[in-house]
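Nothing here was measured: the structure is a model prediction, and the numbers come from that model.
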Amino acid sequence: TSWSLAEAYRQMNQTGKAAEFYEAAAKTTNSEPDRFKSEFWLAVTTGKEEEQLKITGSSQSKLDQYRRKRQQADSKMAATWARLSPEQRQKIYTALRPQFEDTVNSPTFIKTPAKIILAEWTKSLNTSVSATTGSDNSDWDKNFSATSSSVFLISNLAKRFGQMGMAKERRQALNLLRQLKPKDFVDDKEARALWSAELLDLAEEYRTSNELLEAGKLYKLIGEESNDWEGRAETLYKAGLLLFRSGRRQEALDAFQKAAEDVNNLKYSELAKERLSQLQTQ
């Protein structure tokens with residue numbers, strides 16, 4: 001069959017031939033899940049062939065041909081995914097999750113797997129797994145638990161959305177980090193630093209776009225969740241300023257109080273104490 005031949009050629013790293021048969025398989029199957037898998041691998045193999053052709057110095061017309069095939073497969077894949085039932089989607093995501101994640105770091109841009117990853121993480125972090133899918137907690141922990149690898153994946157996902165000019169999805173991905181707490185990956189210093197850096201950049205993005213309440217809430221979250229971090233007092237102090245400007249007096253007072261109690265940065269601790277004194281006399 002076309003699918004079997006496509007798989008065989010892919011295993012032999014003959015991506016051009018594999019793409020031909022994945023395209024044929026997508027056109028002939030009556031199964032929507034099988035069509036999706038064929039379209040997914042069609043996008044991946046055309047992307048890999050495109051990269052190989054760049055290395056070998058192929059003509060621009062040939063490169064354009066594979067780019068169009070990749071983009072068309074990506075678009076068709078999105079349409080097929082939309083037609084699948086929740087059960088079919090869950091089964092495919094479980095089976096192809098590592099391959100979806102691989103596309104986030106691939107040289108060529110494929111939008112649909114990235115959007116699927118974002119949707120699945122958003123669903124799993126924002127809702128109860130048992131209520132929505134009936135999956136047990138071990139399944140959730142395996143696929144969506146707050147680990148250091150989750151931080152790197154979500155950071156890479158946000159970066160890829162940025163590279164593809166998908167600003168809305170980039171911000172949605174970064175906001176997923178709010179629900180991953182540093183205490184869950186306390187032994188990974190690099191992951192904790194990345195978590196803080198990504199969310200600080202997002203908070204600053206909110207501030208510069210005049211979304212002061214969102215910026216303040218995010219600064220406060222970072223400070224509260226990073227107990228042993230040297231930037232904690234500064235972050236909480238900034239949170240207090242922004243929350244106060246947004247009309248959240250009590251939340252601002254709480255942020256200033258926590259900054260004042262932090263002994264790792266005396267400069268911002270003292271600034272917070274001054275603001276507290278001013279506010280408490282008003």
Can you name the nearest heavy-atom pair linking [X] to [Y], along with the distance?
| X | Y | answer |
| --- | --- | --- |
| Leu236 | Ala259 | CB-CB, 3.7 Å |
| Thr108 | Gly47 | CG2-O, 3.5 Å |
| Gly223 | Thr235 | N-CG2, 3.9 Å |
| Ala25 | Ser2 | N-CB, 3.8 Å |
| Ile222 | Trp195 | CA-CH2, 4.0 Å |
| Ala255 | Ala239 | CB-CB, 4.2 Å |

Problem set entry | CA sep, side-chain torsions, deciding dist, call: Gln172, Leu118, side-chain contact (heavy atoms from CB on, under 4.5 Å) | CA-CA 8 Å; Gln172 288 174 344; Leu118 175 61; 3.4 Å; yes

Exercise. In terms of heavy-atom contacts, does CD of Gln60 have more than 12 from other residues, nucleotides or ligands at under 6.0 Å?
Worked result: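 Yes, CD of Gln60 has more than 12 neighbouring heavy atoms, counting only those of other groups under 6.0 Å.
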
For this session: Give a yes or no on this: more than 12 heavy atoms of other residues, nucleotides or ligands lie within 6.0 Å of atom CZ of Arg249.
Result: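 Yes.
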
Do [X] side-chain atoms and [Y] backbone N/O form a donor-acceptor pair below 3.5 Å?
| X | Y | value |
| --- | --- | --- |
| Gln88 | Ser85 | yes |
| Lys181 | Arg178 | yes |
| Thr80 | Phe36 | no |
| Asn156 | Phe152 | yes |
| Ser124 | Trp121 | no |
| Arg67 | Glu50 | no |
| Ser155 | Val151 | no |
| Arg232 | Glu225 | no |
| Arg160 | Thr103 | yes |
| Thr46 | Leu42 | yes |

Could you pull out all residues at least two apart from [X] that satisfy side-chain contact (heavy atoms from CB on, under 4.5 Å)?
| X | result |
| --- | --- |
| Ser209 | Arg171, Glu211 |
| Asp34 | Thr29, Ser31, Lys37 |
| Asp201 | none |

Roughly how far, to the nearest 0.5 Å, is [atom2] of [Y] from [atom1] of [X]?
| X | Y | atom1 | atom2 | answer |
| --- | --- | --- | --- | --- |
| Gln52 | Leu63 | CD | CG | 11.5 Å |
| Asn265 | Trp229 | CG | CH2 | 10.0 Å |
| Leu213 | Leu243 | CG | CG | 6.5 Å |
| Thr147 | Leu180 | OG1 | CG | 8.0 Å |
| Lys115 | Phe161 | NZ | CZ | 8.0 Å |
| Ile116 | Lys111 | CD1 | NZ | 14.0 Å |

Hey, are [X] and [Y] close enough for a salt bridge, meaning a charged N less than 4.0 Å from a carboxylate O?
| X | Y | value |
| --- | --- | --- |
| Glu49 | Lys69 | no |
| Glu51 | Lys48 | no |
| Lys91 | Glu87 | no |
| Lys76 | Glu39 | no |
| Glu251 | Lys220 | no |
| Asp254 | Lys258 | yes |

Quick one: does [X]'s side chain get under 4.5 Å of [Y]'s, heavy atoms only?
| X | Y | result |
| --- | --- | --- |
| Glu20 | Glu23 | no |
| Leu84 | Pro33 | yes |
| Trp3 | Trp41 | yes |

For this session: Give me the one residue out of Ile92, Val44, Thr112 that meets side chain to side chain contact (heavy atoms under 4.5 Å, CB included) with Phe100.
Result: Ile92

For this session: Not counting sequence neighbours, which residues clear salt bridge (Lys or Arg N to Asp or Glu O under 4.0 Å) with Lys62? List them please.
Result: none

Problem set entry | Residues that Glu169 engages under side chain to side chain donor-acceptor pair (under 3.5 Å), provided they are two or more places apart |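 Testing Glu169 for side chain to side chain donor-acceptor pair (under 3.5 Å), a comparison that skips the adjacent residues, returns none.
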
Problem set entry | Partners passing side chain to side chain donor-acceptor pair (under 3.5 Å) against Glu204 (at least two apart in sequence or in another chain) |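 With neighbours one apart ignored, the set is Arg207, Tyr219.
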
Exercise. Can you say whether the rings of Tyr9 and Phe21 are parallel (under 30°), tilted (30 to 60°) or perpendicular (over 60°)?
Worked result: parallel

Exercise. For residues Glu261 and Gln257, is any side-chain donor paired with an opposing acceptor at under 3.5 Å?
Worked result: yes

Problem set entry | Residues Arg170, Met166; criterion side-chain contact (heavy atoms from CB on, under 4.5 Å); working and verdict | CA-CA 6 Å; Arg170 172 186 164 275; Met166 302 169 70; over 6 Å; no

